[in-house]
Protein chains: 2
Amino acid sequence: MKRVTIKDLAQHAQVSRGTVDRVLHNRGHVADEVRLKINEAIEELGYKPNIIARTLAQNNEYKIAVLIPDPEADEFWEQPNEGIKRVMPEFEDFGVVVEPFHFNNEEPKSLSDKAKEMFKRNPDAILMASEFYKESLYVLDEIERRKIPTTLIMTHIDSSNEFNYIGQDSFKSGAMAGRLFDVSISQDMKRILVFNLGATSANTLQIKNKIIGLSSYFDGRADFELIEVEIQNFKNTAAIKSKITELLSTHEDISGIFVTNSRSKYLAPALEELGLDHLCFIGFDLLQDNVDYLLNGTIDFLINQNPAKQAEWAIKKLVDQLVFNRKNKSTEYVPLDIVIKENVSCYLH
Amino acid sequence: MKRVTIKDLAQHAQVSRGTVDRVLHNRGHVADEVRLKINEAIEELGYKPNIIARTLAQNNEYKIAVLIPDPEADEFWEQPNEGIKRVMPEFEDFGVVVEPFHFNNEEPKSLSDKAKEMFKRNPDAILMASEFYKESLYVLDEIERRKIPTTLIMTHIDSSNEFNYIGQDSFKSGAMAGRLFDVSISQDMKRILVFNLGATSANTLQIKNKIIGLSSYFDGRADFELIEVEIQNFKNTAAIKSKITELLSTHEDISGIFVTNSRSKYLAPALEELGLDHLCFIGFDLLQDNVDYLLNGTIDFLINQNPAKQAEWAIKKLVDQLVFNRKNKSTEYVPLDIVIKENVSCYLH
DNA sequence: AATAAATCCGTGCCCCTGCACGGATTTTGA
DNA sequence: TCAAAATCCGTGCAGGGGCACGGATTTATT
């Protein structure tokens with residue numbers, strides 16, 4: 001079962017390889033009659049280009065720019081980096097090179113600056129993650145102008161659907177938390193504290209959808225109450241403690257804790273100090289400290305956003321376009337992994 | 001940042017490409033002095049062979065034989081096939097070809113027959129899954145004699161550790177079920193029926209380990225009891241029903257159901273008919289019917305063995321050896337996915 | 001010392017595609 | 001009718017590595 005090559009096509013159509021090549025790439029300068037004959041041969045013999053030979057022949061470098069928040073500043077953003085490192089060896093033989101552009105996740109302007117820097121380097125493709133809506137729009141505009149293949153991860157910027165997106169279905173993750181609370185809480189009345197740490201549900205679409213998903217699970221049920229809390233200075237354990245104490249005095253029988261982003265680790269010590277580690281605690285993401293609190297029992301469930309896998313998939317998607325010029329679905333959702341003490345080790349690499 | 005090529009090495013060591021090639025492949029016929037100089041150059045310039053060019057030059061076909069139970073007869077075995085289909089496009093450019101050998105999962109001799117057929121075809125690598133211990137040993141012996149790279153999935157045959165294995169950590173999956181029962185069951189006494197359908201814990205290591213894992217979770221706790229049940233004619237709903245009725249009369253307060261393999265779908269209708277669908281029901285694997293029972297609420301949790309991913313990883317592992325001659329870890333465990341109604345769609349492709 | 005043998009190493013072709021150059025043929029224009 | 005232009009198409013090289021063949025040099029043999 002030998003492969004069909006350009007040479008075979010040429011022989012079959014009684015022309016030279018060069019002519020076949022011109023037809024294959026629509027480069028014109030071919031007589032209609034000949035073109036038809038070649039197209040026939042392509043059809044008949046079932047020609048598939050040999051990507052290996054093509055890559056070798058082209059011998060060009062594909063620069064993928066990675067525009068994400070600085071992993072040095074926030075442990076969370078180390079994970080996409082891990083994912084990228086994991087897949088790169090597979091592709092560097094194809095001439096794929098990654099150039100990181102890390103911006104400060106607390107300064108919107110930093111995104112714009114880094115984006116400018118990135119564009120100067122003329123990347124062939126872009127992998128981007130940003131929570132700054134307005135600044136992202138500018139970047140996406142420029143991307144659209146330059147027609148650079150781009151994949152967004154983690155956060156969906158829904159300005160247009162022309163960009164590939166890989167992320168988690170936030171709504172479903174909320175609904176999933178709903179069921180986990182439902183089976184875990186034995187009290188008749190399920191009162192759940194929802195914590196937005198250093199973020200607001202109004203500003204962040206992801207968080208909003210998680211909460212909508214959570215309440216949708218309990219839709220039409222009277223044995224359930226959601227209490228939303230926002231804490232900005234989330235790194236101050238004392239402040240969190242007093243906030244919780246206050247909430248406990250105004251609401252009785254709190255039975256669940258839901259942290260809507262990866263910052264569970266800031267809430268957990270406060271709960272431990274208050275002797276509240278028996279509450280059903282659901283959070284997101286496998287940061288080292290989160291995992292520790294999962295192992296010691298303070299946190300019951302972590303929902304894994306799989307940032308490493310998101311980045312991995314995104315790179316693969318871009319390589320698919322650049323190297324193999326395959327098209328694929330524009331939006332993909334990573335699986336919603338439920339992580340508990342017993343299976344956490346599977347998800348850590 | 002151009003790649004270092006053989007030509008560069010040749011130039012650096014003042015010899016020709018052919019000589020460098022002989023050194024690279026230990027083909028001898030090179031003077032010691034020259035060899036040292038070339039090795040120095042390799043070290044100094046950091047030469048990495050270009051897999052793309054090599055693949056093109058060798059232009060040979062790699063036949064991977066897939067020796068698994070017939071997917072036509074058992075829905076479960078369709079999934080590994082799906083996984084293989086998913087990754088193959090990525091590798092067929094590298095000349096990788098898959099040849100399936102499906103045996104009858106109810107006749108041990110069928111495995112031996114298909115294995116013979118397989119060996120006749122002289123595969124370059126083998127992906128194998130079998131629950132027949134004795135017959136597998138014969139096949140593995142022959143593999144060892146022929147020194148064919150091989151990866152086992154699903155079931156570990158521990159004759160020797162010379163084979164790669166990809167599978168689930170059965171012990172952990174049992175322990176995981178333990179926690180899920182623990183949080184879900186609100187009764188003080190947790191009595192769990194453990195069903196081995198069409199299999200015995202004595203014969204099947206996987207099942208044994210799942211049960212050991214489950215009881216290890218509750219180790220030292222008095223509020224827990226395990227009742228193991230074996231049913232051979234599991235396709236007979238009436239028989240299952242009478243068995244359960246019998247169990248309910250001899251044991252009170254049954255609160256959990258654990259099916260140790262993928263055959264939950266045969267137990268679920270019996271439970272429904274007996275009005276027992278409120279019990280916490282944990283099973284394995286995303287067969288279509290299992291998923292339906294998860295969606296209608298009879299089954300509460302499914303633990304995904306991820307047969308598709310196992311096969312996918314196995315193919316990748318073999319390709320890594322054949323094409324890229326990379327070595328990698330010999331045993332790998334797939335993640336233990338907890339699947340509920342809310343996230344099941346992520347795990348179905 | 002002359003020939004045979006052994007050792008070492010360089011050259012050229014192959015794999016397949018992409019692309020530039022230029023040759024060959026046909027068409028256009030005066 | 002003949003040169004100029006336009007159109008069409010073949011050849012050759014590059015890209016990196018594998019491998020066979022055979023040339024060149026050194027070593028062994030009588």
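The structure displayed is predicted, hence computed values, not measured ones. In what follows, chains are A, B, ... by sequence order, proteins preceding strands, each numbered from 1.
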Point to revise | Parallel, tilted or perpendicular: ring planes of Y333(B) versus Y165(B), cut at 30 and 60 degrees | key: perpendicular
Practice item. Please work out whether the ring planes of F94(A) and F94(B) are parallel, tilted or perpendicular, with thresholds of 30° and 60°. Key: perpendicular
Phosphate OP1/OP2 of [N]: any [X] side-chain N/O under 4.0 Å:
X: H25(A); N: dG18(C); value: yes
X: Y47(A); N: dC16(C); value: no
X: S16(B); N: dC9(C); value: no
X: K7(A); N: dT17(C); value: no
X: H29(A); N: dC9(D); value: no

Practice item. Check whether the side chains of R3(A) and N59(B) place a donor and an acceptor atom closer than 3.5 Å, and report yes or no. Key: no
Point to revise | Between N306(A) and D337(A): side-chain donor-acceptor atoms closer than 3.5 Å | key: yes
Separation of atom [atom1] in [X] from atom [atom2] in [N], rounded to whole Å:
X: D21(A); N: dC13(D); atom1: CG; atom2: C1'; value: 14 Å
X: I6(A); N: dC9(D); atom1: CD1; atom2: P; value: 16 Å
X: I51(B); N: dG16(D); atom1: CD1; atom2: P; value: 15 Å
X: N60(B); N: dG17(D); atom1: CG; atom2: P; value: 17 Å
X: N26(B); N: dC19(D); atom1: CG; atom2: C1'; value: 16 Å
X: E33(A); N: dT7(D); atom1: CD; atom2: C1'; value: 14 Å
X: R35(B); N: dC9(C); atom1: CZ; atom2: P; value: 11 Å
X: R3(A); N: dC16(C); atom1: CZ; atom2: P; value: 9 Å

**Study point:** Positive for side-chain contact (heavy atoms from CB on, under 4.5 Å) with I153(B), one of L127(B), V66(B), I315(B)
**Key:** L127(B)
Exercise for review: Assign N50(A) to base, sugar-phosphate, or nothing according to its heavy-atom contacts below 4.0 angstrom with the strands shown.
Suggested key: sugar-phosphate
Check your understanding: When all nucleic acid strands are considered with a 4.0 Å heavy-atom cut-off, which category describes L56(A): base, sugar-phosphate, or nothing?
Key -> base
Exercise for review: Kindly point out which of dT17(C), dC8(D), dC9(C) is positioned nearest to the side chain of A57(A)?
Suggested key: dT17(C)
Review point. What nucleotide, of dG15(D), dC19(C), dC9(D), holds the atom closest to the side chain of R27(A)?
Key: dC19(C)
Point to revise | Side-chain donor/acceptor of R17(B) to base of dG18(D), under 3.5 Å | key: yes
**Study point:** Check: R22(A) side chain, dG10(D) base, donor-acceptor under 3.5 Å
**Key:** yes
Point to revise | Closest non-hydrogen atom pair between R35(A) and V30(A), with its separation | key: N-CG1, 3.9 Å
Review point. On DNA chain D, nearest-nucleotide positions of R54(B) versus Q58(A): which is more 5'?
Key: Q58(A)
**Study point:** Position toward the 5' end of DNA chain C (nearest nucleotide), N59(B) or T19(B)
**Key:** T19(B)
